[in-house]
Amino acid sequence: MGTPRPYSPLLFFLLLTVSACSEQPTTLPTVGVIVASEGPADYIGRPEQQVLEALEKEYSLAPSTPMPFRLRIVNSAGDPARAASLYRDFAADTTVLAVIGPSTSGEAIAVSSLADELKLPVLALAASKKIVVDTTDHVRPWMFKFAQNDDLAAAALLTALTADGKTTVGLLYSDDGFGKSGAEQFKRAASQLGAVRVLYVSAYDPKLTTAEPVVRGLPPALDAVVIWGTAPGPTEIIHALRKRGPTSIYLSHGNASQDFLANLGADAEGLVVIGSRVLLEQSALNPALPADKVISDYQLFWGKRDFRGPPSHFGGHARDGFQALMQVFSKPGIHTRAAVRDGLENLGTYYGVTGTFRFSPTDHAGLDASAFATFRISNGRFVPRDMPNK
């Protein structure tokens, strides 16, 4: 046998390179996603999932990305206990740097009680103020949210009622996290305002199928009925109210969706609903303004895809959470959960579909009253209430 030939310098370098590469971790950082893509809140979770999947595909195909990652999307079916369990699973996976979701307030409140312990940042897509503050009103450090606070929603509803000359109202709310939190904020805001008296308050089963008993208890002389909940409850209540006769009905942002209007049919006519400005038509936006340009771009993004109906403001919450994370990931040194948390808290002024966010150590909701518009339903469309019907 002859003397073995030594490796050439080039071959030696290639072998070292291959060896070094083989020692690098092959698992990408993960962003967990908890959405109610099935179940009674699927009209919220489904567009959220569609938007996130489309954005992930765009991001992965971009010529350069600040930090490669993957989404892992799971379905909570709107169940708070399941959402909490899924969050625990994500927290146990060291590759997961953050969680987007859950979709509904009840789920997000359940998750928020775990976040202090598990220290995995959450970008919730639901409304209740209780998601981001504890029972003593201190900010939960690991919880952020990308839907408008229900105290802002209460103020917007009261502004609309006052402008319409409504002074006595009945309040019907769903007996779940979203409804109970919203009812609490509405009663508090009405008491502080003083111009609108809440003469009747009643909870209803969020899964109710027969609304006549709920409606029967309403006093006959009310100026308006305020309904705070998500489908199917408000749909059944409105049908029952229409059978009783003409009634002025005002709804929270939990019902600002085209699916909701489609299920109501003709009974939707004349409803007053508060919701995101994403429901405005392109002609009502000024793309020269940063806040309006984001909405306009989102509407175009939605229109280019095979998504059902007009742009969803629930999908807009998901878009805002995703893009906020992308902005955080674009900074150097974002490799830990704590770094993601700090990055979200220090985003600065961030223009989203839902509104202009300004997070801070004392505010993890980040929005003000400008995040809402008030709509009157006309011919199955969301028409700004200060514009003539078309």
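Computed from heavy atoms alone, side chains included, the values below leave out hydrogens, waters and symmetry copies.
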Engineer: Less than 4.5 Å apart, side chain to side chain, heavy atoms only: is that true for Val272 and Leu251?
Structural biologist: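 Result no, sub-4.5 Å side-chain heavy-atom pair not found.
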
Engineer: Any donor-acceptor pair under 3.5 Å linking the side chain of Asp223 with the backbone of Val169?
Structural biologist: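 Side chain of Asp223 to backbone of Val169: no pair is present.
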
Engineer: Which residue is it: Arg242, His239, Lys243? I am looking for the one with a side-chain hydrogen bond (donor to acceptor under 3.5 Å, both in side chains) to Asp267.
Structural biologist: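 Filter result, single survivor: His239.
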
Engineer: Side-chain donor-acceptor pair under 3.5 Å between Asp176 and Ser174, yes or no?
Structural biologist: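 Side-chain D/A pair, Asp176 to Ser174: present.
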
Engineer: Hey, what else clusters with Ile44 if you join Ile, Leu, Val, Met, Phe, Trp, Tyr whenever side-chain heavy atoms sit under 4.5 Å?
Structural biologist: Tyr43, Phe314

Engineer: Using the six-membered ring wherever Trp is involved, compare the ring planes of Phe322 and Tyr59 and label them parallel, tilted or perpendicular (cut-offs 30° and 60°).
Structural biologist: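 Ring orientation of Phe322 relative to Tyr59: perpendicular.
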
Engineer: Check Pro287 against Lys293 and note the closest heavy-atom contact, atom names and distance.
Structural biologist: O-CB, 3.5 Å

Engineer: Show your working on salt bridge (Lys or Arg N to Asp or Glu O under 4.0 Å) between Asp259 and Arg46 and close with a plain yes or no.
Structural biologist: CA-CA 11 Å; Asp259 282 354; Arg46 187 177 59 250; 2.9 Å; yes

Engineer: With distance as the sole criterion, is a donor-acceptor pair present between the side chains of Ser181 and Asp150 under 3.5 Å?
Structural biologist: yes

Engineer: With side chains defined as the heavy atoms from C-beta onward, is the minimum distance between Val99 and Leu120 less than 4.5 Å?
Structural biologist: yes

Engineer: List the steps, then state whether ring-ring contact (aromatic ring centres under 6.0 Å, His included) holds for Phe359 with Tyr350.
Structural biologist: CA-CA 9 Å; Phe359 294 127; Tyr350 167 62; 7.6 Å; no

Engineer: Does any donor atom in the side chain of Glu345 or His364 lie under 3.5 Å from an acceptor atom in the other side chain?
Structural biologist: yes

Engineer: Are Tyr298 and His313, when compared by the centres of their aromatic rings, separated by less than 6.0 Å?
Structural biologist: no

Engineer: Please check if the side chain of Asp320 supplies one atom and the backbone of Val353 the other of a donor-acceptor pair under 3.5 Å.
Structural biologist: yes

Engineer: Is there a path of hydrophobic side-chain contacts, each under 4.5 Å between heavy atoms of I, L, V, M, F, W or Y residues, that connects Val74 with Phe69?
Structural biologist: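 As far as the 4.5 Å side-chain criterion goes, Phe69 and Val74 are not connected within one cluster.
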
Engineer: Under 3.5 Å, is there a donor-acceptor pair between the Gln282 and Ser296 side chains?
Structural biologist: yes

Engineer: With a 3.5 Å cut-off and no angle check, do the side chains of Gln323 and Gln327 form a donor-acceptor pair?
Structural biologist: no

Engineer: Under the side-chain hydrogen bond (donor to acceptor under 3.5 Å, both in side chains) rule, collect the residues that match up with Thr95, sequence neighbours excluded.
Structural biologist: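 Partners of Thr95 by the side-chain hydrogen bond (donor to acceptor under 3.5 Å, both in side chains) criterion, ordered by chain and then number, come out as Thr30, Asp93.
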
Engineer: Are the side chains of Leu161 and Leu158 in touch, meaning some heavy atoms are under 4.5 Å apart?
Structural biologist: yes

Engineer: Donor-acceptor pair, Thr374 side chain versus Ala160 backbone, under 3.5 Å?
Structural biologist: no

Engineer: Report yes if some heavy atom in the side chain of Asp368 is under 4.5 Å from a heavy atom in the side chain of Thr356; otherwise report no.
Structural biologist: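 No, too far: nothing below the 4.5 Å cut-off.
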
Engineer: Between Glu48 and Arg319, is a salt bridge (Lys or Arg N to Asp or Glu O under 4.0 Å) present by the stated rule, with each step listed?
Structural biologist: CA-CA 8 Å; Glu48 290 171 349; Arg319 176 267 174 209; over 6 Å; no

